[in-house]
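For reference, the structure discussed in these notes is given below.
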Protein chains: 2
Amino acid sequence: MHDFALEGYHPGLSLDCVIFGFHENELKVLLLKMKNWDKWALPGGFVPKNMGVDEAAAEALFERTGLKDIFLRQFYLFGNPERNNADHVEKLVKRGVIQENLKSWFSQRFVSMGYYSLVEFSKVTPVPDTISEFCEWKPLSDLPPMIIDHEEILQRAYQTLKKELDDEPVWLNLLPEKFTMTELQTLYETILGKQLDRRNFRRKILSWEILVETGERRTGGRHKAPILYQFDLEKYDRALREGLKQGW
Amino acid sequence: MHDFALEGYHPGLSLDCVIFGFHENELKVLLLKMKNWDKWALPGGFVPKNMGVDEAAAEALFERTGLKDIFLRQFYLFGNPERNNADHVEKLVKRGVIQENLKSWFSQRFVSMGYYSLVEFSKVTPVPDTISEFCEWKPLSDLPPMIIDHEEILQRAYQTLKKELDDEPVWLNLLPEKFTMTELQTLYETILGKQLDRRNFRRKILSWEILVETGERRTGGRHKAPILYQFDLEKYDRALREGLKQGW
DNA sequence: AGATCTTTGCGTCATTATGACACAATAAGA
DNA sequence: TCTTATTGTGTCATAATGACGCAAAGATCT
């Protein structure tokens, strides 16, 4: 294995991606289980010298999920000088997570750019990276112990997601192409952590005029078959630009 | 002069601060005029190795304005690999803006964290830094030519400010302690770039219940003396946490 | 002192958005 | 065909918003 520094990564800069998915009425996050260690980490990486930071984040996302052209957004630069302490690197080496020759690279002070991403759960094929044993979805409601400040990064991403939800219909990235109104409502309820009135929810969503009926219905349940909706991309793009509710 | 790198700055990372002020019914930005060069730059700096990134930004802000505990917020990490080109550094050296021995430091690829700040215009004492000739306010409506991508950074900060304005009463940071409703309205109109109805504006602002009357009025105009308001800090803090309009 | 000018404070009214809730329609299984 | 669960579509009262009118009050001018 080569030395990371020699391979030409931007010094002192790392990336952490909080990848959200929606499955079984739960919001889940894609996490990596460290080798020989009962700690989990956010997918992330470093920035090749010839690559933009956003580009490198998209690349990292692609490697873990197999997906391209995915919703991915900066939310905070974690720049506390104590966030990557020497003790942590020592543990990484001792447990064989990283090789001895990479110790100097990992011992740098890192400033980490936090990204959050919204993906369609069913399309993801989780792939572990070189320092992890496996990669899997974990519900936000039951998170495993995580390395250094990754739990804080995750929580901050979640707060940002909640806030963005008020302004932009970002949730489209979490759903499959066709979905029912109830599925969308459950997603909202899950993210916001509260119950919403079915009839008022429907009225509000439809008032944005970003959904169109597919003409199909979902059959199989022992009840009235619900309409399947999909996005009207043109109108959606306009809503994204202008915001759903423009004050003043 | 010492070598920047040896002085212990975090490598490849810089800061740019877009400092907004409100004066003479205009939104203005604090800019630095480069030495021997008709180009302007945003105040910024580098991050000392023992200092947090946010902390370093606050320090840079303090040095240019003399102000502490000021509204300062990250808005975007500029991470394009081409943003600091070799040609630009060559110019800096040739024009004597930076010394020859600093050339290697400035020739690094920099990733720059963008911050925007809101300050009370009258409290600022602009101070130039080592690479600039002077430091002054420039109206957003008539910006001078700027180095590398600083114009883009500035515009992006302005877009962010406009957006935040819908969710949070961040504008308080731009006004003096006591102000009239009309002054506040003019500020809104300036930032948003559109006229608002005086009576509806008043109703909406007061409905947030973050302002209290001081009991004083501003005299001197050839008309009815307007009430001077100030913030109710407690209520304002709550509004900041919850957002002014919580959807759902 | 009174007229004039300008901006302020505080309303009204019509329209729209929101919250709470009711009821008929329908897919699947008994 | 009957039952059950869930869906589609309403209504109604209340709150928020947009458009606009008018009297009150400082300062200046006559």
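For the numbers below, each heavy atom of this structure counts, side chains included, while hydrogens, waters and symmetry mates do not. Order of the sequence lines fixes the chain letters, A, B, ..., with proteins taken first and strands second; residue numbering starts at 1 for each chain.
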Decide yes or no, distance alone: a donor-acceptor N/O pair under 3.5 angstrom between the base of D/dG8 and the side-chain of A/R217. no
First locate atom CZ of B/R217, then atom NZ of B/K224, and finally report the distance between them rounded to the nearest 0.5 Å.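 B/R217 atom CZ to B/K224 atom NZ measures 6.5 Å (nearest 0.5 Å).
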Could you check how far [atom1] of [X] sits from [atom2] of [N], rounded to whole Å?
X: A/L196; N: C/dT18; atom1: CG; atom2: P; result: 13 Å
X: B/I205; N: D/dA16; atom1: CD1; atom2: C1'; result: 15 Å
X: A/H223; N: D/dG8; atom1: NE2; atom2: C1'; result: 13 Å
X: A/D197; N: D/dG8; atom1: CG; atom2: P; result: 14 Å
X: B/Q195; N: D/dG18; atom1: CD; atom2: C1'; result: 16 Å
X: B/E183; N: C/dT7; atom1: CD; atom2: C1'; result: 13 Å
X: B/L206; N: D/dT17; atom1: CG; atom2: P; result: 13 Å
X: B/R202; N: D/dA16; atom1: CZ; atom2: C1'; result: 17 Å

Residue whose closest nucleotide on DNA chain C lies nearer the 5' end, B/R199 versus A/R222: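 So the residue in question is B/R199.
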May I ask you to decide if the ring planes of A/F179 and A/W171 are parallel, tilted or perpendicular, using 30° and 60° as cut-offs?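 Perpendicular, since the angle between the ring planes exceeds 60°.
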Do the rings of B/W208 and B/Y188 sit parallel, tilted or perpendicular, given the 30° and 60° boundaries? tilted
Specify the residue among B/R198 and B/S207 whose closest nucleotide of DNA chain D lies further upstream toward the 5′ end.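 Between the two, 5'-proximity favours B/S207.
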Name the residue closer to the 5' end of DNA chain D, choosing between A/Y229 and A/R203 according to the nucleotide with the nearest heavy atom. A/Y229
Carboxylate-amine/guanidinium proximity below 4.0 Å for B/E152 and B/R83: no
Aromatic ring proximity, centroids under 6.0 angstrom, A/Y76 and A/F78: yes
Nearest to the side chain of A/N200 - D/dG8, C/dA20, D/dA27?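 Side chain of A/N200 sits closest to C/dA20.
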Output yes when at least one side-chain N/O atom of A/K204 is less than 4.0 Å from OP1 or OP2 of C/dA17, else no. no
Please check the phosphate of D/dT7 (OP1 and OP2 only) for any side-chain N or O of A/T180 closer than 4.0 Å.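 No, outside the criterion.
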